[in-house]
Every structure is written in C-alpha cells, then in structure tokens.
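Heavy-atom basis, side chains included; hydrogens, waters and symmetry copies ignored. All figures in this text were calculated on a predicted structure; none of them were measured in a lab. Both counts, for ligands and for their atoms, begin at 1 and track the order of listing.
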Amino acid sequence: MAHLWSGRFEEDPDAELFAFGASFRFDRRLFEDDVRGSAAWAAALARAGVLSSVDAAAIDRGLREVLQAGVGEGSNDEDVHAYVERELVARIGEAGRRLHTGRSRNEQVAVDLRLYLKRRVPVVQRAIAAAVRELVALAERAGDALMPSYTHLRRAQPVLVAHFLLSHVFPLRRDADRLTAVLSEADELPLGSGAVAGTSYAIDVRAIASALGFSRISRNSIDVSGDRDFVASFLHAAALGMVHLSRLGEDFILFTAEEFAFFDLADAAATGSSLMPQKKNPDPLELVRGKSGRVIGHLAGWLASMKGLPSGYSKDLQEDKEALFDAEDTWLASLSAVASVLRGLQPNPRVSTRAASGLLLATDVADYLVARGVPFRDAHEIVGSVVRRLLKEGRSFDALSLGEWREHSPLFGEDVRNAITARASIEKKRTPQSTAPDAVAAALAETREWLKAQG
Ligand code: ARG
C-alpha cells in the first residue's frame with residue numbers, strides 16, 4: 001500500500017502533483033504533537049472497547065519508539081500523520097493498522113496544531129519577557145536622565161528617558177497577554193469530530209481532553225474540520241507584535257542617529273559601510289522593521305485563504321502551517337535581535353537632557369500663569385507671543401530677564417526662573433501614567449513584578 005487511500009484508486013498519484021500536495025517538508029514540525037494525539041486516541045479506542053488491550057499496548061509501545069527515534073526524513077510521506085502511522089506499522093505491524101479507526105486527518109491536524117501552539121506560545125511569551133527585561137535594564141542605566149517627548153516628530157514636552165523606555169514595555173506586555181488569549185482559544189479538543197460528522201465509536205472525548213491537557217471539547221464537528229480561527233488569532237498577535245518591534249526599532253534607529261544621539265549603539269550591534277568609513281548602521285533594527293511587513297503579510301494572506309472556503313475541510317487549510325511557522329520563527333528571531341541591540345545601548349544623558357530644554361517648556365509657562373488665576377486659553381495666547389518673540393530673537397525662556405517676562409504679563413514673578421526648567425516640568429506631573437519620577441518608578445517596579453511572574 002503506497003498511499004493512505006490506495007484501495008480506491010487504480011492509478012498511482014502523479015508524482016509532481018503528489019509533491020505539490022505534500023506537507024511533510026514543513027508539518028514534520030508537528031511530529032511530537034501527532035504522536036501524543038495518536039497515543040491519546042489509541043487509549044480512548046481501547047477504553048471504548050474498539051481496540052483490544054493487547055493491540056492498545058502494542059500501539060502505545062510502538063508510538064513511544066517512534067517518538068524516541070525522532071522525526072526522520074520520511075519515505076515519500078504525504079504529511080506528518082502519514083509518516084507517524086507508517087513508522088508505527090513498520091514497528092508493530094497489524095495493530096498499527098487499527099489506530100486510525102474512527103479518526104480523520106482533518107481532526108488530527110487540528111489537534112496537532114492546537115497542541116503545538118500550547119507548547120510554543122509560552123516560548124514566545126518568554127522571549128517577549130526577555131526583551132522587556134532589557135528595556136527595564138536600559139531604564140535603570142538611564143537613571144534620571146531626561147529627553148524630549150515628541151508628537152508629530154516635533155519636540156513636545158520633557159520626559160524621563162525611563163518613561164520613554166516604558167512606553168515600549170507596555171505594548172510588549174500587551175502582546176504577551178494577547179498570546180494568553182490565543183492559548184485559551186487553542187485550548188479546545190477537536191477529536192471526536194471524525195472527518196466532518198463525528199465518530200460512531202463511543203469515544204470518551206472528555207478523557208482524551210484531560211489526558212492531553214485541553215480544558216474544553218469542541219461542540220460542532222463540521223466547524224472543527226474547517227476552523228483555523230486560532231491560527232488567525234496567533235497570526236494577528238504575531239503581526240501586531242512585529243508592528244510593536246518595528247516601531248521600537250524605528251525609535252532607536254532615529255534616537256541613535258547623529259541628529260539625535262540620545263543613545264549609542266554598541267559596535268557589536270551595528271554594521272559598517274563598505275565604502276564610507278564613518279558609518280555605523282543599525283541594520284538589525286532595520287531588518288526587524290522590514291520583517292514586520294512579512295508577518296503582516298502572513299496574517300492578511302491567511303485571512304484571504306480562509307475567506308471563500310465552503311464548510312468542512314478543504315485542502316486550502318494546509319496553507320495555515322507555513323504562515324504560522326514562519327510568523328513564529330520571524331517573531332522569535334526579531335525579539336531576540338531586539339533584546340541584543342537593547343543590551344548594548346548606552347544612554348547619552350547629557351545630549352538627551354540638553355535636547356529636553358528650551359521652548360518645549362512652553363506648556364509649563366502656561367501652567368505657571370494658570371496657577372496665578374489666568375484662564376488657560378488666555379495663558380496659551382500670552383505664552384504663544386513669548387515664544388514668537390524668542391524665536392525671532394533666537395533666544396530661549398531661560399535667557400529672559402524678569403523685566404522681559406513682565407512685558408508679557410505682570411503675573412510673572414522672581415520664581416519663574418526656577419519654575420521653568422525641564423526637571424521642574426517632570427516633577428510637577430501628578431497622574432499615575434505621567435512622567436513624574438514617582439509614577440515612573442512605580443511603573444518600573446510593577447513591571448519588575450510582572451517579569452517575576454513570567455518566570
Ligand atoms: N496535511 C493536511 C493539512 O495540513 C492534513 C489534513 C489532510 N486531510 C485531507 N482530507 N486531505 O491540512
């Protein structure tokens with residue numbers, strides 16, 4: 001018997017078309033999941049009285065041997081399911097040919113993929129935590145250094161460098177949480193669905209679920225055979241995760257450039273130019289930014305593959321795996337590259353603090369007037385005219401004498417000098433999400449707790 005279906009056909013499959021349809025090249029990655037799912041299925045068949053205890057024991061032993069041997073090169077196997085079954089039969093003979101009773105590859109591939117995600121998602125979550133750990137360490141190196149925050153990529157208001165770094169921590173933490181949601185979506189046992197209509201053997205699906213660590217049972221066998229929503233959810237998590245890494249990369253590409261120089265890139269994390277001796281390029285971050293496009297493509301591509309499918313299984317669904325595996329590999333590699341680059345970054349507090357002074361204190365001047373009873377809209381007008389004057393004269397707030405301040409409002413007093421500094425600006429902030437030093441320290445402390453919980 002050369003193929004899983006050879007009884008029905010007179011001719012062998014066309015070699016080229018068989019190769020076109022085969023998935024073993026990539027789904028061999030599901031090997032251990034397929035063996036686990038098969039062992040649980042065999043046990044359930046035995047419990048239902050479909051398999052003799054002798055056959056069940058032989059299958060169990062055979063599957064252990066197959067697992068022990070590890071996944072090999074295969075022998076023209078269509079997919080990992082065919083591979084495992086052939087290897088089993090090669091070891092134990094006829095009993096192995098009873099394993100597929102009441103079961104279909106349609107549900108098998110679904111259970112394998114769900115088991116795969118259940119073991120791989122925590123690996124991605126640990127990689128996310130590792131990148132967060134580097135951001136926290138960099139925030140510690142930055143201490144109380146200041147930098148400008150930006151809107152429209154124009155200097156807005158002074159912030160702690162640590163506050164900026166935390167602004168990249170929280171999107172990554174959301175990515176980890178999103179993966180927890182993906183895990184719970186994947187946490188459903190599809191076995192018992194058969195090819196599409198269920199199975200006629202009295203299989204105790206709840207027992208299989210608890211043996212395999214699933215907390216729920218699927219509720220509709222037709223849905224099961226065509227449902228890859230959990231793959232789409234993983235791809236969405238990966239695409240958004242890559243968007244976050246891309247934006248983080250973009251920020252550090254900018255902030256390590258000569259024009260900003262708020263951070264220095266380690267030599268080991270940069271590349272030179274073959275022509276221009278002075279260059280120090282942030283290639284790894286550019287690559288992460290570039291690869292985000294590819295992972296977004298996997299999400300968009302997979303949604304497009306699913307959208308026109310009739311209910312039940314169609315072979316189109318096989319396309320889920322290359323998208324899933326490449327998204328996972330790209331995400332993991334990017335997380336690890338970002339963590340390495342962050343580890344080598346040095347804050348440049350003198351440069352970033354200098355950039356955080358000057359006209360970006362204008363809001364603080366307006367607040368100064370508001371504290372003395374001026375309506376905010378009027379204060380905004382007054383400070384706007386101070387800024388216009390300073391721009392014309394090429395000066396900044398700290399160059400103004402008290403007399404000059406008073407030309408704009410009699411409410412300015414001696415204390416205006418000390419009130420209008422970058423340090424005073426951050427220390428005046430009051431809300432928990434602000435750049436106030438206490439608030440930033442609390443957010444860092446809470447993130448350290450979160451990291452501990454990530455293991
Ligand atoms: N390799 C297939 C896939 O990945 C397994 C399911 C095959 N089922 C079928 N009826 N051809 O989707």
List the atom pairs, donor and acceptor, that lie under 3.5 Å between side-chain atoms in residues 293-305 and the rest of the protein, sequence neighbours left out.
unit_1 : atom_1 : unit_2 : atom_2 : d
R294   : NE     : D326   : OD2    : 2.9
R294   : NH2    : D326   : OD1    : 2.8
R294   : NH2    : D326   : OD2    : 3.2
R294   : NH2    : T330   : OG1    : 3.3
H298   : NE2    : D326   : OD2    : 2.6
S305   : OG     : G301   : O      : 3.2

Distance-only check: which donor-acceptor pairs under 3.5 Å involve side-chain atoms of residues 127-142, not counting sequence neighbours?
unit_1 : atom_1 : unit_2 : atom_2 : d
E134   : OE2    : R343   : NE     : 2.9
E140   : OE2    : R448   : NE     : 3.0
E140   : OE2    : R448   : NH2    : 2.9
R141   : NE     : L345   : O      : 3.3
R141   : NH2    : L342   : O      : 3.1
R141   : NH2    : R343   : O      : 3.4
R141   : NH2    : L345   : O      : 2.9

Exercise for review: Determine which pairs satisfy side-chain hydrogen bond (donor to acceptor under 3.5 Å, both in side chains) with at least one residue from residues 148-157, sequence neighbours left out, and list them in order.
Suggested key: Q157-T363
Check: every ligand 1 N/O to protein N/O pair under 3.5 Å:
unit_1   : atom_1 : unit_2 : atom_2 : d
ligand 1 : 1 (N)  : S23    : OG     : 3.2
ligand 1 : 1 (N)  : D79    : OD2    : 3.3
ligand 1 : 1 (N)  : Q318   : OE1    : 2.8
ligand 1 : 4 (O)  : K321   : NZ     : 2.5
ligand 1 : 8 (N)  : N106   : OD1    : 3.0
ligand 1 : 10 (N) : N106   : OD1    : 3.0
ligand 1 : 12 (O) : Y313   : OH     : 2.4

Review point. Any idea which heavy atoms bring A232 and M306 closest together, and the distance?
Key: CB-CE, 4.0 Å
Check your understanding: Does K321 count as lying over the ring of Y116, i.e. NZ or CZ under 6.0 Å from the six-ring centre, within 45 degrees of the axis?
Key -> no
Practice item. Establish, yes or no, whether the cationic atom of R114 lies under 6.0 Å from the six-membered ring centre of F214 and within 45° of the ring axis. Key: no
